[in-house]
Trainee: 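Before we start, here is the structure in question, set down as structure tokens.
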Amino acid sequence: MEPEERPTIALGVTGGIACYKAVELVRLLVKEGFAVQVVMTREAMEFVTPLTFQTLSGRPVATETFSLTQESEIGHIRVADEAKLFVIAPATANIIGKIAAGIADDLLTTVLMATRAPVLIAPSMNVHMYEHPILQDNIRKLKGLGYHFMEPAEGYLACGYEGKGRLPEPEDIVEEIRRRLKKKDLIDEKLLITAGPNQEPLDPVRFISNRSSGKMGYALARIGLRRGAQVTLISGPTALPPPPGVCLVRATTAAEMREAVLQEFPQATAVLMAAAVADYHPEQPIGRKLKRAAGPIVLKLKPNPDILRELGARKNGRILIGFAAETEELVANARKKLREKNLDLIVANDVTQEGSGFESDTNVATLLDRRGTVRSLPLMSKEDLAERIFDYLLMLRAESSQ
Ligand code: CTP
């Protein structure tokens with residue numbers, strides 16, 4: 001991103017032990033291409049020095065309201081105006097109480113009063129403080145006024161207690177920030193997304209599976225959420241963390257996935273089947289561990305039902321998007337699947353191509369739609385591809401409503 005295009009995040013840091021996580025947050029935000037203006041309270045400076053934030057953000061840190069040098073260099077109204085989003089992380093009970101009471105007695109509270117940017121607050125404190133009715137009342141009040149909150153995470157707290165009060169991980173705060181800044185053009189969509197492989201058991205310790213990592217389906221879920229959709233993600237076994245805000249349903253076998261999909265289908269407005277559904281399962285999984293024998297073993301595999309084809313037969317206004325992983329005759333094979341499964345769009349990729357396919361973070365895809373249009377896309381990240389797929393979904397939606 002060019003410097004002038006970089007959206008500015010104002011980051012208010014208040015005095016809690018989780019200040020160290022705010023350091024990592026700044027590093028991640030800068031890496032993502034945001035300009036970050038840090039505003040620290042006096043208490044925060046007891047935990048981390050402004051120099052740390054200044055070095056990482058490449059900008060002077062605002063700390064004092066009545067400092068002439070700071071006012072000419074940073075300017076508290078400029079900070080308030082420039083911010084696309086104001087984030088407070090970590091937010092203490094004190095800062096939440098002050099905002100709720102309309103107090104503006106230091107730089108951070110003054111800038112917060114002056115800003116028109118949306119404000120995202122990530123509380124972090126001892127579990128009893130977090131549960132205190134006054135704090136909960138303040139949070140309710142601020143939510144009613146349009147302030148956004150992130151739920152603290154649960155776990156071991158620095159004060160020695162276990163419970164709710166941890167600052168969410170910096171990666172999750174960045175994801176929430178991206179989501180808050182994104183155009184909400186999928187707000188009317190309830191997306192049903194499948195991801196990952198299936199595992200079909202052979203015996204209690206072995207299974208047949210495929211190389212799907214789930215990355216494409218998870219990228220779709222993340223981008224869909226950022227663009228305002230409600231997302232149900234039906235996921236085969238993967239090592240990926242579920243995107244915050246997703247409704248996650250886990251399914252191991254193709255039969256379990258089918259059941260979950262059919263259950264969620266009536267509520268969905270669009271389905272994106274990114275899962276690499278297993279086409280076969282062992283005819284008879286063995287109840288006990290298969291022992292090594294001298295001779296070869298013959299496995300008999302039975303076909304699984306084609307979930308997408310079933311959905312295609314009863315789509316009723318829903319948009320259906322399929323995926324085709326091919327090793328030859330990409331367009332011809334994908335076109336056949338599009339037609340046979342009654343899809344609106346199919347995302348085809350040649351898994352033998354460099355930078356494409358299952359375990360990669362990138363993909364080289366060709367989009368084929370129901371009118372016969374074929375569009376080949378260049379190599380891009382799976383997140384960028386997800387953006388393109390949703391742009392296409394909106395185009396198809398607009399066409400069907402004409
Ligand atoms: N699919 C499905 N149920 C299956 C198999 C596939 O819903 N039992 C979906 C996949 O999620 C994908 C699309 O159908 O969106 C195409 O999957 P693919 O495996 O490429 O197609 P198949 O029809 O299985 O054809 P083949 O394996 O012969 O290429």
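As the structure lists them, so they are numbered: ligands from 1, and atoms in each ligand from 1. Positions are given from 1, in the same order as the sequence printed here. As the structure is a prediction and not an experimental result, all values here were calculated from the model.
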Trainee: Output yes when the distance from some N or O of ligand 1 to some N or O of A324 is under 3.5 Å, and no in every other case.
Mentor: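 N/O-N/O distance under 3.5 Å: no.
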
Trainee: Counting heavy atoms only, name the option from I307, V261, D279 that's nearest to atom 19 (O) of ligand 1.
Mentor: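 Comparing heavy atoms across I307, V261, D279, the nearest one to atom 19 (O) of ligand 1 lies in D279.
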
Trainee: Provide the closest heavy-atom pair for V48 versus M40 in the form atom of the first, atom of the second, distance.
Mentor: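 Taking V48 first and M40 second, the nearest heavy atoms are O-CE, 3.2 Å.
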
Trainee: Does an N or O anywhere in A274 fall below 3.5 Å from an N or O of ligand 1?
Mentor: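 Checking ligand 1 against A274, no N or O pair falls under 3.5 Å apart.
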
Trainee: By the definition salt bridge (charged side-chain N to carboxylate O under 4.0 Å, His left out), identify the one residue from R318, R397, K315, R371 that meets it with D344.
Mentor: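 Among R318, R397, K315, R371, the one meeting salt bridge (charged side-chain N to carboxylate O under 4.0 Å, His left out) with D344 is K315.
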
Trainee: Under a 4.0 Å threshold between the charged nitrogen and the carboxylate oxygen, would K336 count as salt-bridged to E329?
Mentor: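 No, no charged N to carboxylate O under 4.0 Å.
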
Trainee: So is A254 close enough to ligand 1, meaning a heavy atom under 4.0 angstrom away?
Mentor: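 The answer is no, since A254 has no heavy atom less than 4.0 Å from ligand 1.
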
Trainee: For I134, is the CD1 atom crowded, meaning more than 12 foreign heavy atoms sit under 6.0 Å from it?
Mentor: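 12 or below, so no.
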
Trainee: Suppose the criterion is ring pair (Phe, Tyr, Trp, His ring centres under 6.0 Å): which pairs have a residue in residues 117-148, not counting sequence neighbours?
Mentor: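 As it turns out, the ring pair (Phe, Tyr, Trp, His ring centres under 6.0 Å) pairs with a partner in residues 117-148, which skip direct neighbours, are H128-Y161.
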
Trainee: Tell me yes or no: between the side chains of T269 and E189, is some donor less than 3.5 Å from an acceptor?
Mentor: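 Yes, a side-chain donor-acceptor pair sits under 3.5 Å.
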
Trainee: How close does the nearest protein non-hydrogen atom get to atom 17 (O) of ligand 1, and which residue and atom is it?
Mentor: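 Its nearest protein heavy-atom neighbour is F323 O, 3.5 Å.
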
Trainee: Does ligand 1 have any atom sitting under 4.0 Å from a heavy atom of K341?
Mentor: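 Right, K341 reaches ligand 1.
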
Trainee: Hey, is ligand 1 close enough to V277 that some N/O pair sits below 3.5 Å?
Mentor: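 Between V277 and ligand 1 (N or O atoms, distance only) the closest approach is not under 3.5 Å.
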
Trainee: Among all protein non-hydrogen atoms, which one is nearest to atom 7 (O) of ligand 1, and what is the separation to 0.1 Å?
Mentor: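 Ranked first by proximity to atom 7 (O) of ligand 1 is L308 N, 2.8 Å.
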
Trainee: May I ask you to check whether over 12 heavy atoms, not counting those of E283, lie within 6.0 Å of atom CD?
Mentor: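 For E283, atom CD is crowded (more than 12 foreign heavy atoms under 6.0 Å).
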
Trainee: I'd like to know whether CD of Q263 has more than 12 heavy-atom contacts from other residues, nucleotides or ligands below 6.0 angstrom.
Mentor: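 No, because the 6.0 Å sphere around CD of Q263 holds 12 heavy atoms or fewer from other groups.
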
Trainee: With heavy-atom distances below 4.0 Å as the criterion, list the atoms of ligand 1 near G322.
Mentor: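 Once the distances to G322 are compared, the set is 15 (O).
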
Trainee: In the protein, which heavy atom is nearest to atom 8 (N) of ligand 1, and how far is it?
Mentor: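 Minimum-distance protein heavy atom for atom 8 (N) of ligand 1 reads P305 O, 3.0 Å.
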
Trainee: Looking only at protein heavy atoms, which one is nearest to atom 20 (O) of ligand 1, and how far off is it?
Mentor: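 Nearest neighbour among protein heavy atoms for atom 20 (O) of ligand 1, to 0.1 Å: K337 NZ, 2.7 Å.
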
Trainee: Is the closest protein non-hydrogen atom to atom 25 (O) of ligand 1 under 4.0 Å?
Mentor: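 It does: a protein heavy atom is found less than 4.0 Å away from atom 25 (O) of ligand 1.
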
Trainee: Does an N or O from A275, backbone or side chain, lie closer than 3.5 Å to an N or O of ligand 1?
Mentor: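 Checking ligand 1 against A275, an N or O pair does fall under 3.5 Å apart.
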
Trainee: Where is the nearest protein heavy atom to atom 2 (C) of ligand 1: which residue, which atom, and how far?
Mentor: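 Looking only at protein heavy atoms, the one closest to atom 2 (C) of ligand 1 is D306 OD1, 3.4 Å.
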
Trainee: Of all the heavy atoms in A276, does at least one lie under 4.0 Å from an atom in ligand 1?
Mentor: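 No heavy atom of A276 comes that close to ligand 1.
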
Trainee: Does CZ in R206 sit with more than 12 non-hydrogen atoms of other residues, nucleotides or ligands closer than 6.0 Å?
Mentor: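 Buried by this count: over 12 neighbours within 6.0 Å.
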
Trainee: I need the atoms of ligand 1 closer than 4.0 Å to a non-hydrogen atom of A325, numbered in the order shown.
Mentor: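 Reading through ligand 1 atom by atom, the close ones are 20 (O).
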
Trainee: Checking salt bridge (charged side-chain N to carboxylate O under 4.0 Å, His left out) between E387 and each of K183, K382, K182, R222, which is the one that passes?
Mentor: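 Filter result, single survivor: K182.
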
